[in-house]
*Asks:* 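Here it is, the structure, as structure tokens.
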Amino acid sequence: MDLKKFIIDVKDFPQAGVIFKDITPLLNDVDAFKYVIDEFTNFVKETGANVIVAPEARGFLFAPAIAYAAGCRFVLVRKPGKLPRAVNDVEYSLEYGTGHLQMHKGDLRENDKVVILDDVLATGGTMDGIIKLCHKESNVDIAGIACLIDLSFLHDDALAKEYNVKTLITY
Ligand SMILES: O=P(O)(O)OC[C@H]1O[C@H](OP(=O)(O)OP(=O)(O)O)[C@H](O)[C@@H]1O
Ligand SMILES: Nc1ncnc2[nH]cnc12
């Protein structure tokens with residue numbers, strides 16, 4: 001399926017110089033959303049993962065549906081001040097900012113096989129942060145990385161060299 005027709009470029013959002021990829025038309029199309037969920041569900045099953053880890057906000061739009069379809073647990077990564085219990089924390093940077101990401105302590109368990117899922121891979125800063133967060137908790141295996149959109153001109157191939165990376169739209 002040609003998914004690019006469901007992505008709208010928005011210039012200078014959220015700041016000057018950024019071309020923001022708006023995925024809301026894809027969520028607003030039954031067949032396109034189903035196609036994405038099915039593709040990533042197959043990927044998760046192929047990796048043998050038992051947990052999907054995804055960050056707010058846009059990772060949450062896809063991860064629960066895929067976790068349900070693939071029979072996996074779902075673990076949330078959130079921005080500071082949102083998770084009510086003890087957290088692990090990591091500092092990170094992304095295309096248009098910096099911040100912290102957090103995961104509840106105890107959400108990942110020894111020997112979990114994790115697929116990390118997000119909507120956009122831009123600089124890769126968010127993904128690097130999530131990988132570090134996963135390793136802070138316990139001895140987990142990152143079995144795969146799934147991102148709907150790959151902004152390949154914003155990152156090198158370090159992630160692809162080390163991990164099983166699945167993306168559906170490349171710019
Ligand atoms: O590869 P990077 O340069 O790190 O950028 C990718 C991240 O940027 C966006 O998240 P954002 O922090 O804007 O959060 P949102 O989903 O809450 O809008 C996107 O959803 C990815 O998580
Ligand atoms: N250009 C972009 N569009 C949408 N989400 C993003 N996250 C980081 N860069 C982005």
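Indexing begins at 1, ligand by ligand and atom by atom, following the structure's order.
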*Asks:* Could you tell me whether ligand 2 has any atom less than 4.0 Å away from a heavy atom of L94?
*Replies:* no

*Asks:* Side chain of K113, backbone of T47: donor and acceptor closer than 3.5 Å?
*Replies:*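 Side chain of K113 to backbone of T47, a donor-acceptor pair under 3.5 Å: yes, one is there.
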
*Asks:* Which one holds for I19 and ligand 2: side chain close, backbone close, both close, or neither close, with close meaning a heavy atom under 4.0 Å?
*Replies:*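 Backbone only; the side chain of I19 stays clear of ligand 2.
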
*Asks:* Tell me whether the count of non-hydrogen atoms from other residues, nucleotides or ligands lying under 6.0 Å of NZ in K82 goes above 12.
*Replies:* no

*Asks:* Within the structure, does P55 bring an N/O atom to less than 3.5 angstrom of an N/O atom in ligand 1?
*Replies:* no

*Asks:* Do D112 and R73 have side-chain heavy atoms sitting under 4.5 Å apart?
*Replies:* yes

*Asks:* Hey, which atoms in ligand 2 end up nearer than 4.0 Å to a heavy atom of A122?
*Replies:* 8 (C), 9 (N)

*Asks:* So which heavy atom in the protein is nearest atom 8 (O) of ligand 1, and how far is it from that ligand atom?
*Replies:*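 Atom 8 (O) of ligand 1 sits closest to the protein heavy atom L94 CD1, 3.3 Å.
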
*Asks:* What residue and heavy atom of the protein are closest to atom 6 (C) of ligand 1, and at what distance?
*Replies:* V120 O, 3.3 Å

*Asks:* Kindly identify the option in G99, G125, A57 whose heavy atom sits closest to atom 16 (O) of ligand 1.
*Replies:*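 Of the listed residues, A57 has the closest heavy atom.
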
*Asks:* Which residue holds the protein heavy atom closest to atom 5 (N) of ligand 2, what is that atom called, and what is the gap in Å?
*Replies:* R58 NH1, 3.0 Å

*Asks:* Has T123 got a side-chain atom pairing as donor or acceptor with H155's backbone, closer than 3.5 angstrom?
*Replies:* no

*Asks:* Can you tell me the protein heavy atom closest to atom 13 (O) of ligand 1 and the distance?
*Replies:* Y96 OH, 2.6 Å

*Asks:* Return the CZ to OG1 distance between F62 and T41, rounded to the nearest 0.5 Å.
*Replies:* 12.0 Å

*Asks:* Among all protein non-hydrogen atoms, which one is nearest to atom 2 (C) of ligand 2, and what is the separation to 0.1 Å?
*Replies:*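 The protein heavy atom lying closest is E95 OE1, 3.6 Å.
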
*Asks:* Where is the nearest protein heavy atom to atom 3 (O) of ligand 1: which residue, which atom, and how far?
*Replies:* T123 OG1, 2.6 Å

*Asks:* Just to confirm my output: which protein heavy-atom neighbour is closest to atom 9 (C) of ligand 1, and how far is it?
*Replies:* R58 NH2, 3.3 Å

*Asks:* For atom 11 (P) of ligand 1, which of the options E56, K79, E95, K21 provides the nearest non-hydrogen atom?
*Replies:* K79

*Asks:* For K21, is there any backbone N or O sitting under 3.5 Å from a side-chain donor or acceptor partner on D9?
*Replies:* no

*Asks:* Closer than 4.0 Å to some heavy atom of L151 - which atoms of ligand 2 meet that?
*Replies:*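 It comes down to these atoms of ligand 2: 1 (N), 2 (C).
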
*Asks:* How close does the nearest protein non-hydrogen atom get to atom 6 (C) of ligand 2, and which residue and atom is it?
*Replies:*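 Going atom by atom, the protein heavy atom closest to atom 6 (C) of ligand 2 ends up being Y96 OH, 3.4 Å.
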
*Asks:* With backbone taken as N, CA, C and O and side chain as the heavy atoms from C-beta onward, which portion of D119 lies under 4.0 Å from ligand 1: side chain, backbone, both, or neither?
*Replies:*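 Under 4.0 Å from ligand 1, D119 contributes side-chain atoms alone.
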
*Asks:* What is the nearest protein non-hydrogen atom to atom 7 (C) of ligand 1, stated with its residue, atom name and distance?
*Replies:* T126 OG1, 3.4 Å

*Asks:* Can you tell me how far the CE atom of M1 sits from the CG atom of D31, to the nearest 0.5 Å?
*Replies:* 5.5 Å

*Asks:* How about L121 and L159: do any of their side-chain heavy atoms sit closer than 4.5 Å?
*Replies:* yes

*Asks:* Side chain or backbone of D118 under 4.0 Å from ligand 1, or both, or neither, by non-hydrogen atoms?
*Replies:*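 Answer for D118: side chain.
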
*Asks:* Which atom pair, heavy atoms only, marks the closest approach of D118 to G59?
*Replies:* OD1-N, 3.7 Å

*Asks:* Taking H100 for the side chain and D89 for the main chain, is one N or O donor matched with an acceptor at less than 3.5 Å?
*Replies:*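 Side chain of H100 to backbone of D89: no pair is present.
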
*Asks:* Taking E137 for its side chain and D107 for its backbone only, find out whether a donor-acceptor pair lies under 3.5 Å.
*Replies:*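 It does not hold such a pair.
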
*Asks:* Does a side-chain heavy-atom distance below 4.5 Å link I169 with L148?
*Replies:* yes

*Asks:* Report yes if A122 has an N/O atom closer than 3.5 Å to an N/O atom of ligand 1; otherwise report no.
*Replies:*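 It does: an N or O of A122 is found under 3.5 Å from an N or O of ligand 1.
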
*Asks:* Just need the protein heavy atom nearest to atom 3 (N) of ligand 2, so name the residue and atom and give the distance.
*Replies:*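 The closest one turns out to be K21 N, 2.8 Å.
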
